[in-house]
Protein chains: 2
Amino acid sequence: MSLPHAILTALLEKPSSGLELTRRFDKSIGYFWSATHQQIYRELGKLEGEGLIRTLPAEQPARGQKKRYEVLPAGRAELARWTAAAQDPKPQRDVLLLRLRAAAVVGTAGLEADLRRHLELHRRQLTEYQEIERRDFPPDRDAPQDRLRHLVLRAGIDLETFWTRWLTHALTELAALPDEGPPPDPRTPDNTPA
Amino acid sequence: MSLPHAILTALLEKPSSGLELTRRFDKSIGYFWSATHQQIYRELGKLEGEGLIRTLPAEQPARGQKKRYEVLPAGRAELARWTAAAQDPKPQRDVLLLRLRAAAVVGTAGLEADLRRHLELHRRQLTEYQEIERRDFPPDRDAPQDRLRHLVLRAGIDLETFWTRWLTHALTELAALPDEGPPPDPRTPDNTPA
DNA sequence: TGATACATGTAACGTGTTACATGATTCA
DNA sequence: TGAATCATGTAACACGTTACATGTATCA
């Protein structure tokens, strides 16, 4: 139940059409939440049906026509409620860690290349965030509202930093491993006794 | 498409029944992948249908009866294929960061309590992981297969460390903020001009 | 025999993903 | 007028979540 609140937040910061939202989700919003245009249109329909947002008046709703949305008071209230409500952290799920664990069982063949690729992606993401920081949060003293936004960006930066370090370490470990990690181990059942 | 591979990995490490798997996913597997028993049973059925796993022979399939599964050669091959295949990182989605960003818009009322709760949860998780590390990976020189498992656990530990630090910092910032973050800002439309 | 824990499931729904469809606008 | 781009959408499916259902074993 977070996508609608991500959209409400984005619309409060600036009323937008579906496609404009999609672009903002790809850019600045992307470092804490991502969404495709299909999700966004689906959700905009729901939110309008629930009376939390509305299309700006004086816009005809034809199919290929731009439609700008803005948040209604009920929408702002719902967002405030949700922000303050207690929520449990999402259970952990990380594909890369799972793959490493799987490699401990079936061997590390072919892993290294993709780890390098991920390292490169995270490095690029990191420098991108650092540029945003330089541009949007110049040294010392941002306005009160900006301190929270800066805090969120810092989390993004620190997480990317963590992943680049961890991946670097992982590659070192991989290289130091005996040639094929665990031996092929053909102990899989062809006719294993009970 | 990761849950089946998480199950294959777990079953290769040790053949298990559905409920045993559920327990292992709650414990040691939980720091890189989580799953409920409903997901696990659903997926075990699929995997068996695809010929990647089978129930250990000499077990009657009654409803309340234990059923142990083991991985077939085709299953091991599929896991090895998946482990080596290139995969893009999952798009970022973090509820806590989203809430902070929302708070920058609708105000920070009620946030602090839940941040403290999260901090406490992450601290507890961290010490739990550290105990696993002390117990399962005694100082220096683990066996080759264990180095990868240790690496995965280190990621879990470092991530929890990051979150406790970040939350501590976030609480400091919150406290330093003017009483209600951004002013109530009743600029929501009642009749806003174009 | 009745309660409790163990063990395996079904059903319904919300969200995320991928592929495709349709109308409007622009410009060569 | 035809291709490319902008903009809004539909459809189908995979996965995760929550609530509930059913059968077995144990033991008071």
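Letters A, B, ... are given to chains in the order of the sequence lines, protein chains preceding strands, and every chain is numbered from 1.
- In the set D/dT8, D/dG9, C/dG16, C/dG16 carries the atom at the smallest distance from any side-chain atom of A/Gln39.
- Residue B/Glu20 is the one, among B/Glu20 and A/Glu43, whose nearest nucleotide of DNA chain C lies closer to the 5' end (criterion: closest heavy atom).
- In this structure, the CD1 atom of A/Ile7 is 12 Å from the C1' atom of C/dT15, given to the nearest Å.
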Under the salt bridge (Lys or Arg N to Asp or Glu O under 4.0 Å) criterion, do B/Asp114 and B/Arg99 qualify, and how do the steps go?
CA-CA 11 Å; B/Asp114 206 38; B/Arg99 280 171 78 192; 2.7 Å; yes

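- Classification of the B/Tyr129-B/Tyr31 ring pair by plane angle, with boundaries at 30° and 60°, yields perpendicular.
- At least one side-chain nitrogen or oxygen of B/Lys67 sits closer than 4.0 Å to the OP1 or OP2 atom of C/dG9.
- Distance, B/Lys90 NZ to C/dG16 C1': 8 Å, rounded to whole Å.
- The shortest distance between the side-chain N/O atoms of A/Lys46 and the OP1/OP2 oxygens of C/dT15 is below 4.0 Å.
- Put simply, the residue from A/Lys27, A/Arg68, A/Lys67 that forms a salt bridge (Lys or Arg N to Asp or Glu O under 4.0 Å) with A/Glu20 is A/Arg68.
- Applying the 4.0 Å criterion to OP1 and OP2 of C/dT17, one finds that B/Arg93 has a side-chain N or O inside that range.
- Residue A/Leu3 is the one, among A/His37 and A/Leu3, whose nearest nucleotide of DNA chain C lies closer to the 5' end (criterion: closest heavy atom).
- The distance from atom CG of B/Asp88 to atom P of C/dT17 is 12 Å, rounded to the nearest whole Å.
- Distances from the side chain of A/Leu19 to the nucleotides D/dT17, D/dA7, C/dT8 place D/dA7 closest.
- The distance from atom CZ of B/Arg68 to atom C1' of C/dA7 is 13 Å, rounded to the nearest whole Å.
- Distance CD1 (B/Ile40) to C1' (C/dC6): 16 Å, rounded to an integer number of Å.
- Contact check for A/Arg123 versus A/Thr127: no side-chain heavy atoms found under the 4.5 Å cut-off.
- Between C/dG16, D/dT8, C/dT8, one nucleotide has an atom nearer to the side chain of A/Arg42 than all others, and that is C/dG16.
- Rounded to an integer number of Å, the gap from CH2 of A/Trp33 to P of C/dT15 is 10 Å.
- Contact annotation: A/Thr36 does not reach the phosphate of C/dT18 (side-chain N/O to OP1 or OP2, under 4.0 Å).
- OP1 or OP2 of C/dT15 has not a single side-chain nitrogen or oxygen of A/Ser2 nearer than 4.0 Å.
- Ring orientation note: the planes of B/His118 and B/His122 are tilted relative to one another, at an angle of 30° to 60°.
- The side chain of A/Tyr41 contributes no N or O atom lying less than 4.0 Å from OP1 or OP2 of D/dG9.
- Nearest to the side-chain atoms of A/Lys66 among the listed nucleotides D/dA7, D/dT17, D/dT10 stands D/dA7.
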